[in-house]
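Beneath this line is the structure, given in structure tokens, with notes to follow.
All ligand and atom numbering here is 1-based and tracks the order in the structure. Only heavy atoms go into these numbers, but all of them, side chains included; no hydrogens, no water, no symmetry mates.
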Amino acid sequence: MTLSDAAVDSRAARLRAALGDRIVLAGDAEYDTVRLPWNRAIDQRPFAVARPESAEEVVDIVRAAAASGLRVAPQSTGHAAGALAGSDLSDVVLVSLAGMRGATVDAEARTALVLGGSQWNDVLAVAAPHGLTALHGSAGDVSVVGYALSGGLSFYGRAHGLAVGSVRDVQLVTADGTLVRASAMENPDLFWAVRGGSGAFGIVVSLEIDLLPYADVFAGMLLWDAARASEVAHAWARWTTELPESVSTSLRLMHFPPIPELPPFLSGRSVLVIDGAILEADAAAAAILDPLRALGPEIDTFARIPSAALVAVHMDPPEPSPAVSGHAMLRAVPAEAIDAFVSAAATQGPTVSELRHVGGAAARRPDGGGAVASIKADYLVGGVGMVPVPELAVPAAAAVQRLVAALAPWHADACALTFIDGGEVDRALGFGASADRLRDLKHRYDPDGLFVAAHPVG
Ligand SMILES: Cc1cc2nc3c(=O)[nH]c(=O)nc-3n(C[C@H](O)[C@H](O)[C@H](O)COP(=O)(O)OP(=O)(O)OC[C@H]3O[C@@H](n4cnc5c(N)ncnc54)[C@H](O)[C@@H]3O)c2cc1C
């Protein structure tokens with residue numbers, strides 16, 4: 001046995017002694033199941049996986065890992081496992097928060113108290129009966145913490161800002177193994193840092209968020225065959241320049257394989273889809289949508305729907321999936337940018353090429369905001385490549401890269417941390433002017449670099 005094998009064994013033994021069946025070690029029967037992230041393209045192999053079910057167990061895990069000379073990475077679903085994969089996990093205890101889900105609503109205060117591993121679907125399930133919703137993103141199975149504490153771009157975002165602005169209070173276990181509350185009143189420095197610094201500052205066991213007063217919303221999607229891509233994309237880009245902030249939409253060119261799991265209107269086809277939400281009364285919303293409807297979409301589902309159904313509109317994969325992705329924020333999408341987008345998104349392009357209309361309140365820093373509080377850009381270009389077999393990862397990533405690079409003349413000095421999917425991507429654009437203070441606070445709250453996060457801050 002080599003010395004390092006002996007060291008590994010002694011660390012494993014200490015963890016096992018401290019945490020019992022809350023810890024799954026490499027070699028345990030369950031290891032290859034519990035280590036799998038939502039993004040199945042990422043083969044993450046941490047030193048161990050811990051599965052707490054309470055804040056007290058999170059405290060025990062952090063203390064045991066630190067005492068064993070190991071680092072700690074919180075993970076709720078693994079949607080951002082690609083970003084975490086930039087870090088070496090061989091000495092890291094991955095703390096899966098999947099066993100800490102659930103939310104309660106204070107309807108009068110219009111807030112939700114959310115456990116650290118909760119997904120947006122958990123919040124919507126308890127908010128909807130009160131006629132309330134939240135600044136969730138396009139997928140209901142993304143976690144509240146992983147999304148909201150890194151920014152969070154929502155179809156409510158142009159009207160109500162980034163999701164991080166809705167965070168009122170965070171309870172987290174910090175590097176010294178204590179459970180700490182961070183809010184505007186308590187530990188304000190930490191509250192500032194965690195709103196953007198996220199898992200780099202501790203393991204969030206619960207947080208309180210503001211809810212939005214929408215029981216229903218005018219939302220849906222329009223679909224055309226990809227043969228219409230150029231015409232419709234140009235029309236969408238012109239349309240977005242005139243819109244009120246009540247409208248948040250996305251345009252995607254998507255290529256689907258001919259597989260029976262897909263509905264017939266998608267299977268084996270390339271299609272252009274515009275979807276999103278219009279926070280207006282029906283008549284006003286319909287009038288706003290008219291110029292796009294005049295282009296004769298093959299499918300038009302825009303209608304008033306329960307707000308909890310908004311997470312289904314974007315048709316994100318309902319199950320864990322293997323994918324690579326990338327993005328850039330854009331200052332504008334003039335006609336030349338649309339030509340570049342359509343050309344890069346065509347048949348050799350990524351599985352999904354997206355332009356998302358951002359700006360509005362999402363681009364304005366609110367009073368009292370944290371380290372990340374706004375994204376100064378009006379659009380986002382993003383690509384997703386499905387990776388059904390590992391050999392496709394390199395060509396899929398190259399297609400995403402070509403798409404993002406094709407829009408380089410319009411790139412903004414900003415990025416959406418939530419859309420970063422690779423370890424090698426520079427986070428500086430995401431942290432902007434907050435980077436230095438974040439680094440200082442990281443050294444104060446986590447001097448030994450115990451926490452490993454999807455988006456390292458220093
Ligand atoms: C299908 C899909 C749709 C998406 N749609 C949108 C969208 O519309 N808008 C948008 O902005 N983003 C979107 N995203 C990106 C998504 O918001 C990020 O990937 C986000 O980080 C996922 O959070 P998670 O906790 O689910 O993932 P994880 O990989 O589990 O977590 C990501 C990081 O968050 C931190 N973290 C998570 N939980 C905790 C915790 N309890 N305590 C401390 N730190 C924690 C950790 O640093 C972790 O590495 C989408 C991603 C996918 C795959």
protein heavy-atom neighbour closest to atom 39 (C) of ligand 1 works out as Val145 CG1, 3.3 Å

Test salt bridge (Lys or Arg N to Asp or Glu O under 4.0 Å) on Asp436 and Arg439 and set out the steps.
-> CA-CA 5 Å; Asp436 288 347; Arg439 201 174 306 115; 3.1 Å; yes

Taking 4.0 angstrom as the limit, do Asp189 and Arg437 come out as a salt bridge?
-> yes

Against heavy atoms of Gly199, which atoms of ligand 1 measure under 4.0 Å?
-> 43 (C), 44 (N), 47 (O)

A student comparing Ser143, Gly137, Pro318, Ala83 should find that the heavy atom closest to atom 25 (O) of ligand 1 comes from Ser143

From CA spacing to verdict: side chain to side chain contact (heavy atoms under 4.5 Å, CB included), Leu94, Leu84 | CA-CA 11 Å; Leu94 188 82; Leu84 185 65; 3.9 Å; yes

Which segment of Arg356 sits under 4.0 Å of ligand 1 when only heavy atoms are counted = side chain

Find all atoms of ligand 1 within a distance of less than 4.0 Å from any non-hydrogen atom belonging to Ala80, and give their numbers and elements.
-> 19 (O), 21 (O), 27 (O), 28 (P), 29 (O), 32 (C)

What are the atoms of ligand 1, with element, lying closer than 4.0 Å to any heavy atom of Ala139?
-> 3 (C)

Look at the rings of Trp236 and Tyr379 and say which category their plane angle falls in: under 30° parallel, 30 to 60° tilted, over 60° perpendicular.
-> perpendicular

Can you tell me if Arg35 uses its side chain to pair, donor with acceptor, with the backbone of Gln44 under 3.5 Å?
-> yes

Does ligand 1 have an atom that lies less than 4.0 angstrom from a heavy atom of Phe201?
-> no

Nearest protein heavy atom with distance in Å, relative to atom 6 (C) of ligand 1 | Ser138 OG, 3.9 Å

Charged N to carboxylate O under 4.0 angstrom, Arg11 versus Asp91?
-> no

Just need the protein heavy atom nearest to atom 24 (P) of ligand 1, so name the residue and atom and give the distance.
-> Thr77 OG1, 3.4 Å

Run the side chain to side chain contact (heavy atoms under 4.5 Å, CB included) check on Ile338 and Leu355 step by step: do they pass?
-> CA-CA 9 Å; Ile338 295 299; Leu355 289 172; 3.7 Å; yes

Ala81 near ligand 1 by a heavy-atom separation under 4.0 Å | yes

Atom pair OG/CG of Ser183 and Leu190 - distance to nearest 0.5 Å | 10.0 Å

For atom 14 (N) of ligand 1, the closest protein heavy atom turns out to be Thr418 O, 4.3 Å

Checking Arg158 side chain against Val247 main chain: does a donor-acceptor pair fall under 3.5 Å?
-> yes

With the threshold set at 4.0 Å, does a side-chain nitrogen-carboxylate oxygen contact exist between Glu53 and Arg22?
-> yes

Which heavy atom of the protein is the closest neighbour of atom 53 (C) of ligand 1, given with residue, atom name and distance?
-> His79 CD2, 3.2 Å

Heavy atom of Ser150 under 4.0 Å from ligand 1?
-> no

Look at ligand 1 and say whether Ala416 reaches it with a heavy atom at a distance under 4.0 Å.
-> no

Kindly indicate whether a cation-pi arrangement holds for Arg356 with Phe155, taking the cut-offs as under 6.0 Å to the six-membered ring centre and within 45° of the axis.
-> yes

Are Lys376 and Asp413 close enough for a salt bridge, meaning some N to O gap below 4.0 Å?
-> no

Consider ligand 1: state whether an atom of it lies below 4.0 angstrom from any non-hydrogen atom of His327.
-> no

Judged by atom type as modelled, is there a donor-acceptor pair below 3.5 Å linking the side chain of Tyr147 to the main-chain atoms of His136?
-> yes

Counting from 1 in the order shown, the ligand 1 atoms closer than 4.0 Å to a non-hydrogen atom of Gly152 are 11 (O)

When you measure from atom 48 (C) of ligand 1 to every protein heavy atom, which one gives the shortest distance, and what is it?
-> Pro74 O, 3.5 Å

Given Thr249 and Trp239, is the side chain to side chain donor-acceptor pair (under 3.5 Å) satisfied, shown in steps?
-> CA-CA 11 Å; Thr249 56; Trp239 178 74; over 6 Å; no

Atom 9 (N) of ligand 1: the protein heavy-atom neighbour that sits closest, reported with distance to 0.1 Å | Leu153 O, 2.8 Å

Measuring from the heavy atoms of Gly78, does anything fall under 4.0 Å of ligand 1?
-> yes

Proximity to ligand 1 by part of Val204, non-hydrogen separation under 4.0 Å | both

Which atoms from ligand 1 have a heavy atom of Gly116 less than 4.0 Å away?
-> 41 (N)

In the protein, what heavy atom is nearest to atom 38 (N) of ligand 1, and what distance, to one decimal place, separates them?
-> Ser76 OG, 2.8 Å

Which residue from Gly151, Gly146, Ser154 reaches closest to atom 34 (O) of ligand 1 through any of its heavy atoms?
-> Gly146

Just which atoms of ligand 1 are under 4.0 Å from any heavy atom in Gln75?
-> 30 (O)

Please work out which of the three classes, parallel, tilted or perpendicular, describes the rings of Tyr214 and Tyr156, given edges at 30° and 60°.
-> parallel

Between the side chains of Glu354 and Ser250, does any donor sit under 3.5 Å from an acceptor?
-> yes

Should Gly202 be listed as contacting ligand 1, given a heavy-atom distance under 4.0 Å as the test?
-> yes

What are the atoms of ligand 1, with element, lying closer than 4.0 Å to any heavy atom of Ala454?
-> 33 (C), 47 (O), 49 (O)

Please could you name the atoms of ligand 1 that Leu97 approaches to less than 4.0 Å, counting only its heavy atoms?
-> 41 (N)

